[in-house]
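Below is one structure; the comments refer to it alone.
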Amino acid sequence: MNTTAGAQISALDWFAIALYFGVLLCVAWWVVRKSKDSAADYFLAGRNLGWWIIGASIFASNIGSEHIVGLAGSGATSGVAMAHYELHAWCLLVLAWVFVPFYMRSMVFTMPEFLERRFNEHSRYVLSIVSLITFVISKIAVGIFAGGVVFATLFPEMRLNVGGATIDSFWLGSVLVIVLTGLYTTLGGMRAVAYNDAVQVTVLILGSALLTTYGLMRLGGWGELRRWCGSDMFNLWKPLIPAGVQGTWAPVIETNQAGEVVKQAWYFNGNFPWLGMLFCAPIIGLWYWCTDQYIVQRALGAPNQTVARRGSIFAAFLKLFPVYLFIIPGLICFALAKSGKVPELAQMIGPDGRAIPATSNGAFPMMVQYLLPPGIRGIVVAGLLSALMGSLAGVFNACSTLFTVDLYEKWKKGASQHQLVRTGRIATIIMVLIALAWIPVIKNAKGLYTYLQAVQGYLAPPIFVVFFFGVFFKRLNGHGALWAMIVGFALGLFRMAVDTPITLGLQDGYTPGSFLWIINNMYFQYFSVLITIVSAVVMVAVSYMTAAQADSTIQSLTFGTATEDDLRSTRASWGWREVAASGTVLVFILGAYLYFRG
């Protein structure tokens, strides 16, 4: 058995990476020693997390390696366009000010459990199962894919020979990170995840800031960046206001020798339609930041409303960083390649002078490889690894909590605290094994990464509807919520079933003009808005066709049933600091929109 590593990673880099893992090990060991054998401690860190830990953990869970790879690649190809999604930091303010009071009053462990309190048990089961499936096929799969891109770029020559078989860097890196992440998540639960996230966020921000700084220094400063990229790549408003909605799609028609059309499809050409960005993007953002177990579980680990709100606001502030630490490096990479100041990057520029999308996916790791000095490179590599580990740990922990609290505890009435913790650990181990099993699938399925990015657009709308409508309108009942989710998920799964054969290359396309062709070629944001509208109509219609829930059964769970004590408690939980911090986040968001105008 032997290994070889790419020459670009020096001994000093390996020392920095080893130091990073050593710190994670020490933190994990300290957390395990403090852990108690109770469900509240294992799944919610004893509801005793500090606000800065909550904020850092929310941010770390969101920023996976796929985030870094995708944003930097997008920056290299289309400029700051994807910043729209990163500026959804305001959605975390909605979590802080609208949902935190309801979640903290209900003292729930999971989002499906909150639905049961607000509506009925059936709603809980539907959301639990859909959430588990979504986590497995999207978050784990996409995270491993992007992690593989990082390892393949930074460690191309790393090999492990075992019994005559050669294991490449994609496998080595993915297996190592999955196993280590699974180990500390299994042993320490939420507390281990949250505290390691705090370490990982520090390393990630520091490493990315160093890369941005070195890139600008090599290029010659911010003015040179704007000169080489041009105003078009600095125009955040362009995707929202294309020449016409039709301009967001490019028709591709193939004919045979007789001139007959044999294939016709429409491909997205890089502009986001303003209607989709105006309506769909906020829907997905509010679902993700306010109702997804993967994110909200950190806020549930707070001891009270004040800490949960401050943690959410801090996470909103951290959410502003990706624009400057991940998207801007993509622009810098493009400028360095186009200017010839880093010749090794020339491979990413096409004949038309624009970045090649396939090559641009490696923009961030290529900059790490060719730009940074030894030692600093190791810190940034550690940051990339921390991004992958943080997002995977969040998935493992969320899935473990959903399965144990929403399914196992309901099946096994009267289960002891020890049994719940043991089941949670077993569930985490199973998730690790599923992640390992995904590696060969992800490595060989070229179209899977793009396809899975659209999954949340098809499955999120009904969840958004039942949570937001459920909190704001007390008249809507469990029957309406259940049917809204059933119909909404059915529409989303139908669209996914139509898209899958085309996306994975199993089928060329559908007959032009046919029903399935129209469904397949409808832009995913428009279809997502359609699902939202249908789910809302179904929820309202079914609720008003059936009896209303008694106010006593949903007390404190909606604005209309909040008691005077609830209102006084919420008002006492915030002051001028929280208001000022929220206002600062909004000012930064507005500032970004005003600056990035081309």
**OP:** Given side chain to side chain donor-acceptor pair (under 3.5 Å), test S535 with T532 step by step and report yes or no.
**Re:** CA-CA 5 Å; S535 299; T532 304; over 6 Å; no
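- Side-chain polar atoms of T570 and R105 form a donor-acceptor pair below 3.5 angstrom.
- Side-chain contact of T401 with Q297: a donor-acceptor pair under 3.5 Å is present, judged by distance alone.
- The aromatic rings of F317 and F314 sit parallel, their planes meeting at an angle under 30°, below the 60° perpendicular limit.
- Contacts of E409 classified as salt bridge (charged side-chain N to carboxylate O under 4.0 Å, His left out), with partners at least two apart in sequence or in another chain: none.
- The existence of a salt bridge linking K410 and E113 is excluded, since no basic side-chain nitrogen approaches an acidic carboxylate oxygen closer than 4.0 Å.
- Side-chain contact, S400 with N397: no donor N or O sits under 3.5 Å from an acceptor N or O.
- Within the cation-pi definition used here (under 6.0 Å to the ring centroid, within 45° of the axis), R124 does not qualify as a partner of F119.
- At distances below 3.5 Å, not a single donor-acceptor pair connects side-chain atoms of S569 with backbone N or O atoms of D565.
- A donor atom on one side chain and an acceptor atom on the other are not found under 3.5 Å apart for T561 and D551.
- In this structure, CG in L491 is found 11.5 Å from CD1 in I533, a value given to the nearest 0.5 Å.
- The ring pair (Phe, Tyr, Trp, His ring centres under 6.0 Å) check on F396 picks up nothing, with sequence neighbours excluded.
- Between F468 and W287, the distance separating the two ring centers is not shorter than 6.0 angstrom.
- Qualifying side-chain contact (heavy atoms from CB on, under 4.5 Å) partners for L407, counting only residues two or more places apart in sequence or in other chains: Y125, S128, L132, F403, W411.
- Using a 4.5 Å heavy-atom threshold, the side chains of M389 and L24 count as touching.
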**OP:** Please report the C-alpha distance between T546 and N477 in whole Å, then the side-chain angles of each, then the deciding distance to 0.1 Å, and finally whether the side chain to side chain donor-acceptor pair (under 3.5 Å) criterion is met.
**Re:** CA-CA 8 Å; T546 53; N477 60 25; 2.7 Å; yes
Subject >> CA sep, side-chain torsions, deciding dist, call: N62, Y294, side chain to side chain donor-acceptor pair (under 3.5 Å) >> reply: CA-CA 9 Å; N62 169 244; Y294 179 66; over 6 Å; no
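- Within the 3.5 Å criterion, the main-chain N or O of Q549 finds no donor-acceptor partner in the side chain of T553.
- R117 places a side-chain N or O within donor-acceptor distance of the main-chain N or O of S106, the cut-off being under 3.5 Å.
- Within the cation-pi definition used here (under 6.0 Å to the ring centroid, within 45° of the axis), R495 does not qualify as a partner of F524.
- W97 CH2 to S582 OG: the interatomic distance, rounded to the nearest 0.5 Å, is 5.0 Å.
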**OP:** Show your working on side chain to side chain donor-acceptor pair (under 3.5 Å) between S123 and N120 and close with a plain yes or no.
**Re:** CA-CA 6 Å; S123 301; N120 55 35; 2.8 Å; yes
